[in-house]
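Sequence lines set the chain letters: A, B, ... in the order given, protein chains first and strands last, and positions in each chain run from 1.
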There are 2 protein chains.
Amino acid sequence: MGLVVQKYGGSSVADAEGIKRVAKRIVDAKKNGHQVVVVVSAMGDTTDELIDLAGQVSPMPTGREFDMLLTAGERISMALLAMAIKNLGHEAQSFTGSQAGVITDSVHNKARIIDVTPGRIRTALDEGNIAIVAGFQGVSQDKKDITTLGRGGSDTTAVALAAALDAEVCEIYTDVDGVFTADPRVVKKAKKIDWISFEDMLELAASGSKVLLHRCVEYARRYNIPIHVRSSFSGLRGTWVSNEPHVEQGAQKVEHAIISGVAHDVSEAKVTVVGVPDKPGEAAAIFRAIADAEINIDMVVQNVSAATTHLTDISFTLPKTDGRKAIDALEKAKAAVGFESLRYDDQIGKISLVGAGMKTNPGVTASFFEALSDAGVNIELISTSEIRISVVTRAEDVNNAVRAVHTAFGLDSDSDEAVVYGGTGR
Amino acid sequence: MGLVVQKYGGSSVADAEGIKRVAKRIVDAKKNGHQVVVVVSAMGDTTDELIDLAGQVSPMPTGREFDMLLTAGERISMALLAMAIKNLGHEAQSFTGSQAGVITDSVHNKARIIDVTPGRIRTALDEGNIAIVAGFQGVSQDKKDITTLGRGGSDTTAVALAAALDAEVCEIYTDVDGVFTADPRVVKKAKKIDWISFEDMLELAASGSKVLLHRCVEYARRYNIPIHVRSSFSGLRGTWVSNEPHVEQGAQKVEHAIISGVAHDVSEAKVTVVGVPDKPGEAAAIFRAIADAEINIDMVVQNVSAATTHLTDISFTLPKTDGRKAIDALEKAKAAVGFESLRYDDQIGKISLVGAGMKTNPGVTASFFEALSDAGVNIELISTSEIRISVVTRAEDVNNAVRAVHTAFGLDSDSDEAVVYGGTGR
């Protein structure tokens, strides 16, 4: 039995009862012969309450102090969890991100982990302790200041510790049973996925699936750390994310599915730059202006230029929260770039079909578009990768579109058979 | 203008409004040309709420994790305070006890400061920052674990930092206007003391005055750091505690008072060991049993032995909270010591008259006893030091006794004249 890293989110430790339930689960893993490292988030709404307090004293809380404030949340949950474990007769020690050796860069509020030196964790484990580590936080390499990793950063803390400690598995405990073939709130017949590859999980996370963050999966793939996403309430087997399924991950019953799942995202908006001269350097000038404003864009589409005017339109999607900033940046660049006008549309949604199987199964794209067409959904933009197709539609069509596609690809839980694709090419 | 250390208690930073008010006061000190280091406690009832949470997950929270938990409180208040100061256009950085170099021993929940290495604070000040430091907490020298200094420890943090940084003054901001000649809740005519010596303040603190803790005053005396106790609400001049009053401490108008004040304490109980054989070693055996149970005792009185029986009674006072433990320890030692019985009485109170002037003013003791007698208060025990007389009375007599003594020694705010003592000896 090797080392296991377990991560519990805020909803799992929302109150004293939750903390005691989690403590019991941790002790069970220890009794099963594992060395156990636990990464814990702040209790329930603590972080939001602290953000609210900060807003009351200052309209623009700054990085360093804001991080100092937020890290109080995990300090409380980790100390209480250690106490609850001791109360069950087992030894436990809690560690801040800094004490656990989570070294980051100096970008406050969204720092990146650049090294993990878990010497104190190793010592605590060797002395028979369960180690409890504050998620979401680290210490900056240069200034030794407290940093935070941004929302969902506790998952990354867990995977990074699992990699540094060479853990067998990183278990992410949450309030759902695992990763589903679609959002169960939208698709009643969505199925829990038993196993999914890092690649497919990365595409799902990038396409709007909220269960695991892209950054965390990326880290796990780089260090080849299997992730087991499961419920802290049910104790059931959840979803394994790894390179190849092993026996304990349900290898016997897992076949590589052609399609892993359908993701959707209604948090983006679409900007269309109208009347762009069709000559070299125009697109570059537009996206340089966007990049200088530190805005990440998602899909980009350029129409074919009209033969008579030699003008084209360029559309791209971006987080709604960056919409204002993008429009401002483009208005400023208007004279230099020379486009005609801007259109902004935040009533859009994105539906993505993800699965490594589409590389070798021709016809997936056609089936996807047929399903959307049959559901009466109009497609506004299309973008593809090797293992993903995404389309942009009207926001109000998204739920219908997701259900139609989920059914069309045989993902509904009633039918256990995957559909077979015919036709030539995608 | 030199360096000033300011300390704000939990009631001063109980909510966002309080934090903003305190931030303004701090910025004013900075504008006056001072380098400013601020020590801050947890907001309002935060610490009690955390203790309550701990009690919900574990009936006996342990030292290390309990300290980790409690220190979350100052982390929140210090970060918010730094944000509020920045919002007023001044630079501020917050530091945990560990970051501020507050090195302690490893006695969790009531650690003692053994060194202060404020290198990061010094750097922050040199760069023009206001430094905000978490009170009440430190880091253990050997294990690098987070420790807390026990209740009221923030005052000690402030004085220790003031000493390490060679501050001009340590300002303790609180919710009262200063140190009074008696508890104003009991004596309506109690006066604020403008200046008091370290020695008298130590005796008052040891005798039940709650404004400053004994440990904090002791530390200030050792390093000769003047303390200025004042209200964070009124901004008025408060009470200076130092070796000798200087001009800024109101030296012109301060004359050394004969009596500094009257303190009282109803938190103690009295244990009487009845029928102790009057031979060498008996008292030692009794107090060894008490010491082994780690109980601190206050007053001790041994009666004259009865000539016929050669038996005597020994009485002592101790915190009520240790009463059960003391009785248990003595019952166990009964056979070895050979006393007859134990009496326990927790309906007592202690009244103490404090003032260095009593060394040179004979008759203070006589006046004290006369005042008590005139008020119809019976004295049960007496103990004296060079600059203090304490008596134990019935608990229900304490308030009357304090008022009577306060009036008798001319401390009431109506009469500005101190009484003159006659007679021979105390």
Max heavy-atom pairs within cutoff under 4.5 Å with chain B, candidates A:Thr71, A:Asp145, A:Asp15, A:Ile132, goes to A:Thr71
B:Ala92 versus chain A, the contacting section by heavy-atom distance below 4.5 Å = backbone
Side chain from CB out, backbone as N, CA, C, O: work out which of these in A:Ser77 comes under 4.5 Å of a heavy atom of chain B, or both, or neither.
-> neither
Test item: A:Lys20 side-chain N/O and B:Gln56 main-chain N/O as donor-acceptor pair under 3.5 Å | yes
Side-chain heavy-atom pair B:Leu80, A:Leu69 within 4.5 angstrom cut-off | yes
Got more than 12 heavy atoms from elsewhere within 6.0 Å of NZ, A:Lys110?
-> no
With no hydrogens and no angle check, is any side-chain donor or acceptor of B:Arg64 less than 3.5 Å from a backbone partner on A:Ser94?
-> yes
Least distance between heavy atoms, A:Gln99 atom then B:Lys144 atom | NE2-O, 3.8 Å
Non-hydrogen atoms of chain A under 4.5 Å away: do they reach the side chain of B:Leu53, the backbone, both or neither?
-> both
Identify the two heavy atoms, one from A:Met83 and one from B:Ala54, that lie closest to each other, and give their separation to 0.1 Å.
-> SD-CB, 3.7 Å
Proximal component of A:Gln93, with respect to chain B [non-hydrogen, under 4.5 Å] | both
Among B:Ala23, B:Ala84, B:Gly73, B:Pro59, which has the most heavy-atom pairs under 4.5 Å with chain A?
-> B:Pro59
Minimum heavy-atom distance between A:Val57 and B:Ile19, given as atom pair plus value = CG1-CG2, 3.9 Å
A:Arg112 atom CZ, neighbour heavy-atom count above 12 within 6.0 Å = no
Would a 4.5 Å heavy-atom cut-off, applied to side chains only, mark A:Leu81 and B:Glu65 as touching?
-> no
Of all heavy-atom pairs between A:Arg75 and B:Arg75, which one has the smallest distance, and what is that distance?
-> NH1-NH1, 3.3 Å
